[in-house]
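Remarks on the structure that follows.
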Amino acid sequence: MAIHPPEERIWWNQKVGKDELIWIVIAFLWGVIMFSMMIYWHVVGKQNLSTTAYRIDPAAFEEKTEAFADQFKVREEGDTGIPVVRPPAGGDVYMLARLWQFWPVLELEKGESYQLHLSSMDYQHGFSLQPVNINIQVHPLIEHVLTVTPTETGTFSVVCNEFCGIGHHTMIGRIHVVEKGTQR
Amino acid sequence: MTDATEQADDVPTPERSLRIPVMQRVLDNPFLLLFIGVTVPTVFYILWGLIELTQIPIAN
Amino acid sequence: MAIAEAETQIIGGIAAKFRTCPASGLKIDLAAERLIKANAVASIVFLAIGGLFGLLVALTRWQTVHILPADMFYLALTAHGLDVLLVWIIFFEMAVLYFCSAVLLNCRLATPKLGWVAFVLMIAGAVLANVAVLQGNSSVMFTSYVPMKADPNFYLGIILFAVGALIGCFMFLGTLVIAKDEKTYEGSIPLVTFGALTACIIAIFSIAAGAIILLPTWLWSLGYISHIDTVMYKLVWWAMGHGTQQVNVAAHVAIWYAVAAILLGAKPLSEKVSRTAFLLYILFLQLASAHHLLVEPGLSEEWQIFNTSYAIYLAVLGSMIHGMTVTGAVEAAQRRNGYTRGAFEWLRKAPWGNPAFAGMFLSLIMFGFLGGISGVVLGTEQLNIMLHNTIYVPGHFHATVVAGTTLAFMALTYLVLPLIFQKQVVWPKLARLQPYIFAVGVAGISLFMMGAGTLGVARRHWDIGFADAPMSFSYPAAAHLMLALNGIFAVIASIGGILFVLIAVGTVLWGKPVTAENIVESLGPMPKKQVTDAVSTYGNAGTWHLPGTYILVAVFFLSFVLYYFVNWKYLSEIWPLS
């Protein structure tokens, strides 16, 4: 029994049953397939999150984001006072996370690829793009740079999904995606 | 030399003559298992990860 | 079963007192027994506290009930994580370690006095951390990600708890050394003890990592250190956060083998295969802490793929082996007991009325089907981006830690009560139902949280209606429905949990004493042997076959493959990222 020492002094040389052996081989090969799948997706798949990162001071990131917003602001989002920023297609876009908002609101064109820069001003936050369901951790003191290509038009929300204090559940941002060439 | 002393010290017992296979001896040695069980994640998970994090460049 | 008188004896020059277990004939060190009792009782107290907080969390996330205000919700969630993910399981694991070393090896426990030091440290630490949380200025979640700061006592409490637990781990190793020196057993340690050793090794790595990262964090909270890197904190913290859950996996697999052995006389199909599977855990299981770092900046794809896959899924291979060999060992034992008709007579006529067996087998099935499969999907490098920090994550780990570990620990408790506390389980009819009620509740919790998570619902979130938010947003109606169902099933699980605590406490206080005459029946219903002259030793190579196990394993494998590739299909539909 499993609660007693093995009956035979030398158990390593016992023959393994054929049924067990078959299962071990299947399970091992399945592991190799799953492992290869991640590598394969890096080669042919389109959803591979960039790991590019830079160390940055929050104030410096804020400055870059504000300059970006000033340059490309097109209007304000409803009565929130938050600017809606429409950068040139294919350019760099900045979004900062802080207690408790994602700033600014972005307006992107469908089918264009943008370099998105993310960083936090204070605690960690979670960039959760809904209803697309893309979830990225946002750290303070680190600028994460990734390329993203919206494939559908509409209004998308950025929900914070990393606990960031008592106002966490009110922290929400927005990304609009419009057809190419529409009026700014 | 150590081999010789060990052999001289050890009275041959039935267990000894059984010649326990290497892998069984590994699995019967808790401190060896502790060593590899701590080393593998420390090297591959913690050290490798920390080294990558120290190499994050500074933004311009 | 050998029947021996219960008596106390003193061995040689060592002042250890033993009694002889009437069921197994094993000598039980009374010092070990007292420590097992103390740790088991402490664990159940914290299960009750942590479980209550969990119920409050689930009832708050049920949007129409929404029982707690925001500040209390985040407080309760922090306490829930701390008390059940760390305190309950590690206290119970200390009891398991002492049991699997001193009791199963027929040996005295190494340094029992140090065991009390460990126990007091763990109690003091757990109380300190809980008080810090309840005071309201440490609602930082169990993960306490920097730079969010908790009260210094929150970190100090966890550090003290960790140091106590580390002492317990080294006592386990010390007892192995004593047992070998004093030749209290022949040959290799039992498989269950080997599983406990696996848990102990993983615990040493994880708990030490926790202490190592929380020490500077504590100093930082006191103002002695100015800055802690957020990603580095996360990397090392998860060596504990995920690592301790891997301790659970090793411990509950050992318990599956133990319960099957005690109740059914099950033997491992092959010592070599089962121990090698545990070796794969020792080597690779802890790498999976990387599951929490797949959408962070700054860690390379190579690091992510190697670690998140436990080095080419070798630890998953270990789990898939255990899943088959435990099921196979149960089937083989039952066939040996005479239940040989068809593919599943052995399972139909298993002792389902015995809460220890029911809990153990439900734990095995739910851990594999719900927890295992979802864990691999969640931990796949690219797939993680669809699920990170959604409520799918707690859905997954309630399937592993609650359905898998907690249910297995409950099952073992039904054997520990008569064997160690020497008390007959009170209210046996309720005890018979308890694992089923708890299992139904937990299955619901896990499935509905995972379901809501696939719809994007954030974890650790007070209001997914976003009533106070400056911009409006709504998750699909189905997500709200699933959180309501999650609340209902949390109530069911709580009923199962409360029953368990009442039965355990009632048995310790009022249970009738177990004697040599009633010890076997005190373990609960056992399968009747239909063939009395069953061969007691048998080879494992091709002398039998286990059709029921093959069918279960095939169903498992097909579900796994299907669910895995469905998720890749979903991934291919989201916005391209690079």
Side-chain angles (χ1 to χ4, degrees), chain A residues 2-16 20-21 24 31 35 38-39 42 48-68 92-97 115-121 124 136-147, chain B:
Chain A
I3 53 170
H4 297 311
E7 282 159 21
E8 292 169 53
R9 181 65 192 92
I10 296 181
W11 40 264
W12 185 260
N13 292 338
Q14 280 177 347
K15 216 170 148 239
V16 176
E20 272 186 290
L21 216 50
I24 292 169
F35 182 77
M38 293 189 283
I39 298 166
H42 274 285
N48 294 289
L49 179 65
S50 152
T51 61
T52 307
Y54 303 94
R55 298 219 174 259
I56 191 162
D57 188 61
F61 189 81
E62 188 175 29
E63 206 174 295
K64 282 206 275 188
T65 309
E66 275 169 3
F68 157 76
D92 286 284
V93 296
Y94 293 80
M95 187 182 261
L96 62 79
Q115 309 281 319
L116 174 61
H117 299 243
L118 291 172
S119 190
S120 164
M121 298 296 102
Q124 289 182 43
I136 300 164
Q137 192 80 13
V138 186
H139 286 261
L141 296 154
I142 290 183
E143 178 177 3
H144 190 178
V145 188
L146 53 123
T147 306
Chain B
M1 205 174 81
T2 36
D3 268 3
T5 21
E6 262 179 30
Q7 272 179 5
D9 282 352
D10 260 347
V11 187
T13 58
E15 273 203 10
R16 190 179 175 80
S17 62
L18 281 174
R19 282 242 181 91
I20 293 167
V22 178
M23 270 312 288
Q24 182 171 333
R25 269 187 281 165
V26 169
L27 291 171
D28 280 346
N29 186 338
F31 293 95
L32 179 63
L33 295 176
L34 173 64
F35 176 76
I36 57 175
V38 171
T39 307
V40 169
T42 302
V43 170
F44 288 102
Y45 173 79
I46 292 186
L47 291 181
W48 182 5
L50 288 181
I51 289 168
E52 289 196 346
L53 292 177
T54 57
Q55 289 171 344
I56 297 178
I58 304 211
N60 43 17

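So that the names make sense, note that chain A is the first sequence line, chain B the second, and so on, each numbered from 1. For the numbers below, each heavy atom of this structure counts, side chains included, while hydrogens, waters and symmetry mates do not.
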Contact summary for [X] and [Y], nearest pair of heavy atoms:
X        : Y        : answer
Ala53(A) : Pro57(B) : O-CD, 3.4 Å
Gln24(B) : Trp11(A) : OE1-N, 3.1 Å
Leu53(B) : Arg55(A) : O-NH2, 2.9 Å

Apply side chain to side chain contact (heavy atoms under 4.5 Å, CB included) to the pair Arg9(A) and Ile20(B), showing each step before the final yes or no. CA-CA 8 Å; Arg9(A) 181 65 192 92; Ile20(B) 293 167; 3.3 Å; yes
Discussion item. With rounding to the nearest 0.5 angstrom, report the CD1 to CD1 distance, Ile56(B) to Ile56(A).
Written reply: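 Spacing of CD1 (Ile56(B)) from CD1 (Ile56(A)) equals 12.5 Å.
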Report task. List in chain and number order the residues that pass ring pair (Phe, Tyr, Trp, His ring centres under 6.0 Å) with His117(A), two or more places apart in sequence or in another chain; answer none if no residue qualifies. Result ->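 Scan of His117(A) (ring pair (Phe, Tyr, Trp, His ring centres under 6.0 Å), adjacent residues dropped) gives Tyr94(A).
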